[in-house]
Peer 1: 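Shown below is the structure under consideration.
Atoms considered below: every heavy atom in the structure, side chains included; atoms not considered: hydrogens, waters and symmetry mates.
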Amino acid sequence: MLARKSIIPEEFGLPGLVSRIPRKPVFRDRVNKARFIAKNGACNLAHKNIREQGRFLQDVFTTLVDLKWRFTLVIFTTTFVSSWLLFAMSWWLVAFAHGDLDPVRRNGTEQCVTNVKSFTSAFLFSIEVQVTIGFGGRMITEQCPTAITVLILQNIVGLIINAVMLGCIFMKTAQSNRRAETLIFSRHAVIAVRNNHLCFMIRIGDLRKSMIIGATVRLQVVRKTTTPEGEVIPIHQIDVQMESTVASNNLFLLAPLIICHIIDKNSPLYDLSAMELQCSDLEVIVILEGVVETTGITTQARTSYIAEEIQWGHRFVPIVTEEEGVYSVDYSKFGNTAKVTTPHCSARELDEKPSILIQTLQKSELSHQNSLRKRNSMRRNNSMRKAAGPVPGGGLRRNNSALAVPKVQFFTPGEGSQNLNAVT
């Protein structure tokens, strides 16, 4: 027996209606993960279980420059003191072999080094030779070729130590990251509509008057992804394209600039709405590179923005003004933002439904016109009050009229409508 066919069509049945209801996106709780780049530009990365430690000794100069200052100063002092002690021992052995330490033989023959009578005097002579002080009390003679050889070796070794140590100190004081301390980024990033496109924007600036030559800015999105084959990539770096002027290395960092990234179909932020952004674990890394004008050293400044530091529907306030023919920058408002009307949907939805952006802009225009009307009416009322001037006793009259008791009249039935008594 065949099943009985329903009178109601299947597309209007309960399963069909449920299937056509648009499902709301399910948001998962965002897990607080460690950021890859700190706000000050430091890399949050630890190297563990390095077996080939000898590779660092193959590049001693870079290793010394990368060390902290306290370790560098300890190595600096230890190297010089060790070289002085080593050659002091050599001078003491030369004097001992020649018999200069024996008082009996010292009076009959000429010494290799005059006035070297003990290890202390040999140590002082070693310092005088290597540092080229030359007090004049101790000096080498022509009696010992061995002493002349030791003198030549100590001069060569002293020059090498001076070159390495002083070069290391100079490189540490002139490191490129010191110049990066005056390259600043805005505390927050913003997302708003700009030129009819949803854009991701940050602000960068340079506090020094000396410029950064050939400045370039790169943006990367770092997130944890999983490939279709099941491979988990904990740090997946995705390049983010920027405006044509920034992408073509034409950044002129004379005043603070707003770096803009248009969220299009090639952007990793294309499918993120305002709610989905708050639940995502992405991190936007900003890298500013350039050549320092005064030293010619390449410098790099870095920072990052996590989802909590990205403000949706905000825009940076202007900070550059013209005062008496000079452009002035107010850095107290460098990171200030203003709230603007912005659709909370993703850029993909804006491309599929352009009417959303049009309606949002119309609402923004209406609200702006209403605020202007209210402002103009308030100004008009204030001007009318100022033109009328203050009324003497006006406040007292207003208060008395509010507190005045209405007049009440009492009539007797005999006299009809005649007024007999009035009580105020």
Side-chain angles (χ1 to χ4, degrees), residues 34-88 126-127 129-133 152-185 204-220 222 235 237 249 251 253 283 285-304:
R35 60 195 310 159
F36 188 54
I37 300 294
K39 293 298 290 184
N40 58 357
C43 297
N44 188 19
L45 186 66
H47 298 275
K48 296 182 179 180
N49 301 326
I50 301 177
R51 298 180 180 180
E52 299 180 0
Q53 297 287 344
R55 292 181 177 270
F56 295 98
L57 298 178
Q58 296 178 3
D59 188 6
V60 180
F61 186 78
T62 305
T63 304
L64 292 176
V65 173
D66 290 340
L67 289 175
K68 296 182 179 180
W69 270 106
R70 54 178 178 268
F71 299 120
T72 303
L73 294 177
V74 169
I75 294 174
F76 183 87
T77 305
T78 305
T79 303
F80 277 101
V81 173
S82 300
S83 64
W84 296 337
L85 290 174
L86 177 63
F87 283 100
S126 175
I127 296 176
V129 171
Q130 188 165 337
V131 190
T132 65
I133 297 177
I152 295 173
L153 290 176
Q154 186 171 5
N155 286 330
I156 294 174
V157 172
L159 289 175
I160 294 175
I161 294 176
N162 289 337
V164 174
M165 290 293 105
L166 295 179
C168 177
I169 297 297
F170 173 75
M171 290 302 297
K172 286 187 70 66
T173 54
Q175 279 184 334
S176 59
N177 55 2
R178 306 300 178 188
R179 179 62 176 88
E181 296 294 333
T182 53
L183 298 175
I184 56 177
F185 300 88
I204 61 175
D206 187 5
L207 300 179
R208 291 186 180 272
K209 291 185 177 180
S210 58
M211 296 179 56
I212 299 295
I213 302 174
T216 59
V217 177
R218 293 187 292 116
L219 268 68
Q220 285 187 345
V222 177
I235 303 175
Q237 302 180 16
N249 301 337
L251 192 61
L253 195 58
E283 179 180 355
I285 299 176
V286 184
I287 303 173
L288 173 61
E289 292 180 338
V291 179
V292 183
E293 184 181 15
T294 54
T295 61
I297 300 176
T298 302
T299 185
Q300 184 183 93
R302 300 178 297 266
T303 191
S304 68

Peer 1: Once side-chain hydrogen bond (donor to acceptor under 3.5 Å, both in side chains) is applied, do any residues pair with S83, and if so which ones, sequence neighbours excluded?
Peer 2: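 For S83, the residues satisfying side-chain hydrogen bond (donor to acceptor under 3.5 Å, both in side chains) (neighbours in sequence not counted) are Q130.
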
Peer 1: Show every donor-acceptor pair shorter than 3.5 Å between a side-chain atom in residues 286-294 and any protein atom, with sequence neighbours excluded, or say none if there are none.
Peer 2:
| from | atom 1 | to | atom 2 | distance (Å) |
| --- | --- | --- | --- | --- |
| E289 | OE2 | Q300 | NE2 | 2.4 |
| E293 | OE1 | M211 | N | 2.9 |

Peer 1: Going by side chain to side chain contact (heavy atoms under 4.5 Å, CB included), name the residues that satisfy it together with L45, two or more places apart in sequence or in a different chain.
Peer 2: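 Per chain and number, L45 pairs via side chain to side chain contact (heavy atoms under 4.5 Å, CB included) with H47.
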
Peer 1: Going by side chain to side chain contact (heavy atoms under 4.5 Å, CB included), name the residues that satisfy it together with V74, two or more places apart in sequence or in a different chain.
Peer 2: T78

Peer 1: Sequence neighbours left out, what passes side chain to side chain contact (heavy atoms under 4.5 Å, CB included) with K68? Give chain and number order.
Peer 2: R70, F71

Peer 1: With sequence neighbours left out, what residues match T77 under side-chain hydrogen bond (donor to acceptor under 3.5 Å, both in side chains)?
Peer 2: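 Expected list: none.
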
Peer 1: Could you tell me which residues satisfy side-chain hydrogen bond (donor to acceptor under 3.5 Å, both in side chains) with T62, sequence neighbours excluded, listed by chain and number?
Peer 2: D59

Peer 1: Side chains of residues 154-162: which donor-acceptor pairs under 3.5 Å do they make with residues two or more places apart or in other chains?
Peer 2:
| from | atom 1 | to | atom 2 | distance (Å) |
| --- | --- | --- | --- | --- |
| Q154 | OE1 | W91 | NE1 | 2.9 |
| Q154 | NE2 | S126 | O | 2.8 |
| Q154 | NE2 | S126 | OG | 2.9 |
| N155 | ND2 | L151 | O | 3.2 |
| N162 | ND2 | G158 | O | 3.1 |

Peer 1: Applying salt bridge (charged side-chain N to carboxylate O under 4.0 Å, His left out), name anything that partners K172, two or more places apart in sequence or on another chain.
Peer 2: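 Result, salt bridge (charged side-chain N to carboxylate O under 4.0 Å, His left out) vs K172: none returned.
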
Peer 1: Mind listing the closest non-hydrogen atom pair of I37 and C43 along with its distance?
Peer 2: CD1-SG, 3.6 Å

Peer 1: Sequence neighbours excluded, which residues qualify as side-chain hydrogen bond (donor to acceptor under 3.5 Å, both in side chains) partners of R218?
Peer 2: none

Peer 1: Taking only residues two or more places apart in sequence or in another chain, which ones pass ring pair (Phe, Tyr, Trp, His ring centres under 6.0 Å) with F76?
Peer 2: F80

Peer 1: For R208, which residues count as a salt bridge (charged side-chain N to carboxylate O under 4.0 Å, His left out) partner, sequence neighbours excluded?
Peer 2: none

